[in-house]
Amino acid sequence: MWKGFRKAVTFSYDDGVESDRKLLDILNRYHLKGTFNLNAGLLGSPDSWDCKGFQVARLPLDNLGALYQGHEIAVHGLLHLHPTELSREAWAQEIGEDKKRLEALFGAEMAGMAYAYGQYDDQVVEVVKETGLRYARTVQSTHGFAPQANLLTFHPTCHHNDPQVFELIERFLSCEADEPQLFYLWGHSYELDADQNWDRFERICSMLAGRDDVFYGTNREVLLGE
Ligand SMILES: [Zn+2]
């Protein structure tokens, strides 16, 4: 697992917005890898919204391959609809069409996704499986690093704003467990603009980066081992 390493770190960021540019600059500078969950039907659209006084804007469609190079692209729903509020057919279309368009746009097979609004139920999960996606992230923090059996409701370690994030990083870096340990962080890059706490993200990255006993990979690499 993980090229012989017992520990791995990965990041998961949603929605495909302008703030991803700065987030990618930081990840790349620290040689960290992540997965970006995108809504193909909203990229390049004038769709924008206010988050605590910060105007969030979607990324344009051009040059996305170059921008996200070295990272993984994953499904997040064509139009960012609420998964549990859709019929089975509408949900299948929402992720099936997103998968198809992202695969055409990036020339790569989509292996996973993140649930919009963190919403899922049994039917939602069943359709994810039928669509051929092999992992799907929720928004429920585990505050842990242990392997999880069900990758279709994969729970992250924590969000970047979690009050315990630094404590968890220290615990992760110093632990000597027998089983593989994964530190999985998630969030939205625009929150860092809205909260004006990019220094927090920078500190998270500087603490996690550069360890010779840690594998740094995308979600696909750390969850599926490919
Ligand atoms: Zn989202």
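Computed from heavy atoms alone, side chains included, the values below leave out hydrogens, waters and symmetry copies. As the structure lists them, so they are numbered: ligands from 1, and atoms in each ligand from 1.
- Restricting H80 to its N, O or S atoms, the one at the least distance from the Zn ion (ligand 1) is NE2.
- Metal site remark for the Zn ion (ligand 1): H188 contributes no N, O or S atom at a distance under 2.8 Å.
- Ion pairing of R200 with E191 is absent here, as no side-chain N (NZ or NE/NH1/NH2) approaches a carboxylate O to less than 4.0 Å.
- D15 contributes atom OD1 as its closest N/O/S atom to the Zn ion (ligand 1).
- In summary, the side chains of Y117 and H80 do present a donor paired with an acceptor at a separation below 3.5 Å, with no hydrogens or angles considered.
- Put simply, D14 stays out of reach of the Zn ion (ligand 1), with no N, O or S atom under 2.8 Å from it.
- Taking the ring centre of Y115 as origin, the terminal cationic atom of R137 falls outside the region bounded by 6.0 Å and 45° from the ring axis.
- With F172 as the aromatic partner, K7 meets the cation-pi criteria of under 6.0 angstrom to the ring centre and within 45 degrees of the ring axis.
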